[in-house]
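Note that the structure is a prediction, hence the values are computed from the model and not measured. To find a chain, count down the sequence lines: A is the first, B the second, and so on, and within it residues start at 1.
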Amino acid sequence: MQSKHLKPILILGAIAAVAVVLYLFYWLIGIDVITVGQLNRGLFRRSSRIVAMIIVAITMGITGLVFQTMTNNRILTPSVIGFDSTFVLSQTLIVFIFGSQTVLIANPYYNFVLSSVVMVLTSMLLYGFVLRKGKNNLALLLLVGLVFRTLMGSLTSFLNRVIDPDDFLVVTQLAMPSLTNMNTEILWYIALPMMMVALIFLIKDLKYFDVMNLGEDQAKSLGVNYLKLMNKSLVLIAVLISVSTALVGPLMFLGLISVNLAREILKTDYHKPLFVVSALLGILFLVLGQFILQVFELNTSLAVLINLVGGIYMIYILIKGDKKS
Amino acid sequence: MKKRLVLIGSFIVLILISISIGVADINLIDVLSLDKEAWFLIVSSRVPRTVAIVVTAIGLSLSGLILQTISKNKFISPSVVGVTDSAQLGLLIAYLFFGSLSMSMKLGFAFVFAVLGSFVFITILQKIKFKNDIYVPLVGMMFGSIVAAIVSFIAFQFNLTQFVDTIGLGSFTTKIAGNYELLYVTIIPIVLAFVYMVQFNIVGMGEDFAKNLGVKYKQTMMIGLLIISMVTAAIYVVVGSIPFIGLVVPNLVSIYYGDNVKKTVWDVVLFGGVFVLFADIISRIIIFPYEIPVSLTMGVIGSIVFLYLIYRRVNHAK
């Protein structure tokens with residue numbers, strides 16, 4: 001990490017830390033008396049939400065970044081081409097096959113692990129094929145992603161139509177977490193450790209991704225095992241996306257905005273500083289978004305707000321024109 | 001020509017099947033002996049449904065073809081680039097300000113917003129410096145999701161999420177006499193589309209080229225967008241949103257029949273009809289006597305067909 005990247009990282013880190021602390025404690029303002037129990041409960045609730053948001057921000061940042069290098073473009077992220085819809089479909093499929101009464105579904109841990117496994121397998125099968133065959137064919141990738149999103153959406157509602165009504169309730173509960181209604185059950189014992197493990201693997205590989213930026217042939221001749229790296233990262237991306245989708249539901253644009261803004265701020269192609277800044281930006285967006293919703297008393301979900309802002313920002317980027325992509 | 005005969009043949013067969021399928025039993029003898037009850041059923045329920053299907057199929061595949069021709073990009077359709085979402089926004093706003101409205105008022109709102117949506121999309125498109133196969137659909141998707149985000153924003157704010165969910169799902173189930181006639185407003189734009197097809201193709205080649213050939217660029221573009229908006233809005237209001245027809249049908253036809261839109265426009269229309277009739281028949285028989293909304297069947301069949309096409313293309317390119 002060069003020293004010129006240190007300054008923005010420190011500034012953003014400080015802002016994000018302030019935002020997090022504010023989020024944790026601002027509700028205490030104006031309360032005169034509070035019991036220890038209330039304080040503990042409030043802090044625990046808020047801290048688990050903050051941890052979930054940090055997980056999501058980190059996940060979206062790193063998957064977006066790595067995926068952009070793998071596909072050699074700046075406008076696609078796993079969420080844009082339908083990874084998260086794959087996860088929602090896997091969940092529905094499992095309930096459809098096994099019914100809602102089995103331990104597999106009732107226990108959030110089993111359920112999450114099973115959905116993640118199905119998700120990793122399907123995304124390996126689908127996207128792995130496209131990435132290997134249609135390398136350098138962005139149009140193809142985008143098109144397939146577009147079709148996948150509709151296919152997954154249709155299949156999910158299709159299954160919801162034919163599914164047992166009792167099971168349907170379970171599915172809607174499972175598949176409907178959002179930033180305001182997080183699925184914190186799985187947070188501490190499975191989402192957090194899984195993210196950490198996947199993250200460590202990916203961070204270790206970030207230096208190879210720097211080399212990958214030079215192009216496939218260059219990277220190969222410099223000793224990067226291109227195919228292996230691609231496959232490995234694809235699995236890790238699928239795992240990370242399933243963690244984030246299980247926690248807060250699909251988030252289409254968060255990774256896109258934070259990674260692109262990070263590039264704008266740092267003006268570098270090195271992955272490590274980009275990753276740190278995009279994760280910090282993601283945290284900032286999520287926490288600030290919550291504030292905005294509460295201050296203006298909007299009923300809407302944060303995901304909608306992010307989609308609105310993110311979509312407009314992306315169109316702005318595309319209109320402005322971009323040399324690299 | 002032989003291929004087209006096959007298409008016409010299957011079109012007619014599917015229409016007959018579509019008329020003959022239903023929960024109530026109608027047999028051929030009743031029909032031929034002019035049994036009153038059987039004919040009443042056919043005229044008030046079966047025929048309207050089939051007509052609705054055919055009009056929808058023709059309208060959506062044509063508007064897909066027009067949009068793909070004037071923007072010279074094979075990967076877009078009105079539902080991909082946010083025209084359908086804009087129509088939905090129009091309906092939502094109409095509901096918000098005026099409560100329940102007559103069908104034609106709803107159509108008016110949906111149409112105005114669809115026009116606005118398609119113009120905004122085309123304007124953004126013309127502003128983009130690096131236009132290529134990917135950017136065009138991507139911009140459309142982005143624009144579509146912005147409009148969709150506005151829709152859910154409003155819906156959340158005014159507690160209308162259920163309303164939004166129910167208006168969107170495309171289905172022909174309730175299309176009986178008295179309920180589908182509004183679809184006839186699409187006939188004039190459909191005829192216009194046939195008349196202007198060649199001009200649209202020329203417009204797709206770019207402003208300078210079109211002017212050289214004596215085609216009024218802006219005016220033709222405008223006509224194209226108005227046709228698309230009218231057809232999309234009417235179908236959205238009456239039937240709901242049905243994915244993929246506009247995207248898949250023109251692509252499939254261009255693989256087998258080439259890109260001469262003056263000739264292939266008929267094949268597009270016929271093929272669209274066959275495709276939607278088939279999907280609707282499937283969604284009627286799969287959990288008979290109940291039905292699945294055709295938009296879901298269409299989504300599944302359409303995407304599988306499309307993925308196969310892509311797969312074929314990749315394998316050929318190897």
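- For the pair B:Ser152 and A:Val304, the tightest heavy-atom approach, listed with the atom from each and the gap, is OG-CG2, 3.7 Å.
- At most 12 heavy atoms of other shown residues, nucleotides or ligands fall within 6.0 angstrom of atom CZ in B:Phe278.
- Heavy atoms closer than 4.5 Å to chain A are found in the side chain of B:Val80, but not in its backbone.
- Proximity of B:Ile146 to A:Asn307: side-chain heavy atoms (C-beta onward) are nowhere separated by under 4.5 Å.
- No other option in B:Ala155, B:Gly302, B:Ala149 has as many heavy-atom pairs under 4.5 Å with chain A as B:Ala149.
- For chain A, the nearby part of B:Leu247 is the side chain; its heavy atoms alone come within less than 4.5 Å.
- Sparse packing is recorded around NZ of B:Lys218, with 12 or fewer heavy atoms of other residues, nucleotides or ligands lying under 6.0 Å away.
- Both the backbone and the side chain of A:Leu308 come within contact range of chain B, judged by heavy atoms closer than 4.5 Å.
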